[in-house]
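In what follows, chains carry the letters A, B, and so on, assigned in the order in which the sequence lines appear, proteins first and then strands, with residues in each chain numbered from 1. In this text the structure is predicted, and so the values were computed from the model without any measurement.
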Protein chains: 2
Amino acid sequence: MTVTQAAAERLVRIGEVARGAGVSVRAVRYYEQQGLLIAERSPSGQRLYRQDAVALVRFFQQMFAAGLTSRRITELLPCWDSGHTDAEQRAMLRAERDRIQAKVDDLQTALDRLDEIIAITDTHP
Amino acid sequence: MTVTQAAAERLVRIGEVARGAGVSVRAVRYYEQQGLLIAERSPSGQRLYRQDAVALVRFFQQMFAAGLTSRRITELLPCWDSGHTDAEQRAMLRAERDRIQAKVDDLQTALDRLDEIIAITDTHP
DNA sequence: CTAAAACCTGACGTTGACGTCAGAGGCAAG
DNA sequence: CTTGCCTCTGACGTCAACGTCAGGTTTTAG
């Protein structure tokens, strides 16, 4: 829900966002550069964020961890905060989902391999 | 088990290894450069591999997919084909295993997030 | 014998998400 | 006022696993 009135909802500077989300200041600037995160500016030019920016940055981190590029994330952001999607976006979402699932399977396979090796090396003194 | 005699066990060239493992020729050369894969040389200087090199390259791919670096793989190769490990190597194996497990969890979280978004966008026409 | 296909050694290019450094403001405290 | 911390804009550096190109040799098919 967008609070359209509610005079001046506490804005924070970039350092606080970075610390809150556990990333570097540089990272947050990078997100803006990639069109992921828009910030207001103070009269002197400093970036000002709403506090929900922290959650958004955390979301970015999750998606990055899943192997999505910032480009992909910008493409799915409209779905995220408008809830509306066209066919192309839905296809993209499913493609990414499937890709991640495949990656999980790959990792699981590698994990089994490693456990196998660990088991062998544990029995071999 | 290493067959110490067995005159001339069919050696293959780099192209066959690459095709067999589903990677590029360049990749196989890279593995040698990183000390992952040692090849004999023909009199004219061409690389000659034993056919188990294909399985080894596949193993490399699995480890790469799991996020291990070639450096790490060289470190665990001795465990792999000698079965013997010291404390440091065992610690490394477990560290990697835990790291991969954590990554699986991260991916699963991201997957849930995406599925959530997909569910929402599917109900929203 | 010859042309195509495969192989060789460098060596530079690519990609993504930042790190890092330089130089220049801005902002609250004492 | 000044000290110290935060922020700003460029802009180059990083890392890993290759891709790609150049220019030359070797093997294979016909």
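Donor-acceptor pairing under 3.5 Å is recorded for the side chains of Gln46(A) and Arg13(A).
Nearest-nucleotide assignment on DNA chain C puts the 5′-proximal partner with Ser24(A), out of Ser24(A) and Ser42(A). Nearer the 5' end of DNA chain D, as judged by each residue's closest nucleotide, is the contact made by Gln34(B), out of Gln34(B) and Arg26(B). Both Gln46(B) and Ile73(B) lie near DNA chain D, and the one whose nearest nucleotide falls closer to the 5' end is Ile73(B).
Phosphate proximity of dC18(C) to Gln61(A): present, with a side-chain N or O under 4.0 Å from OP1 or OP2. Distances shown here put every side-chain N or O of Ser44(A) at or beyond 4.0 Å from the OP1 or OP2 atom of dG25(C).
Arg99(B) places a side-chain N or O within donor-acceptor distance of the main-chain N or O of Ala66(B), the cut-off being under 3.5 Å. Side chain of Arg90(A) to backbone of Thr85(A): a donor-acceptor contact under 3.5 angstrom is found. Judged by distance alone, with hydrogens and angles left aside, the side-chain atoms of Arg29(A) form no donor-acceptor pair with the main-chain N or O of Ser24(A) at under 3.5 Å.
In this structure, the CD atom of Glu32(A) is 11 Å from the C1' atom of dC8(D), given to the nearest Å. Atom CD of Gln33(A) and atom C1' of dT7(D) are 16 Å apart (whole Å). The interatomic distance linking Phe64(A) (CZ) with dA17(C) (P) rounds to 5 Å, in whole Å. Between Leu11(A) atom CG and dC6(D) atom P there is a gap of 20 Å when expressed in whole angstrom units. Rounded to an integer number of Å, the gap from Arg29(B) CZ to dC12(C) P is 18 Å. Remark: P of dG25(C) and CZ of Arg47(A) are 17 Å apart, rounded to the nearest angstrom. Taking atom CZ of residue Arg13(A) and atom P of nucleotide dA28(C), one finds them 7 Å apart after rounding to whole Å. One interatomic measurement links the two molecules: OH of Tyr30(B) to P of dG19(D), which rounds to 11 Å at whole-angstrom precision.
Counting heavy-atom neighbours within 6.0 Å of Glu40(B) CD, excluding the residue itself, gives a total of 12 or less.
Leu68(A) comes within contact range of the sugar-phosphate backbone alone, with a heavy-atom separation under 4.0 Å but no base atom that close. Counting any heavy atom pair closer than 4.0 Å across all strands shown, Phe60(A) reaches no nucleic acid atom. Residue Arg19(A) is classed as having no contact, given no heavy-atom separation below 4.0 Å to the nucleic acid. Within 4.0 Å (heavy atoms only), Arg41(B) reaches sugar-phosphate atoms of the nucleic acid but no base atom.
Side-chain proximity of Thr69(B) to the nucleotides dC27(C), dA17(D), dC8(D) is greatest for dA17(D).
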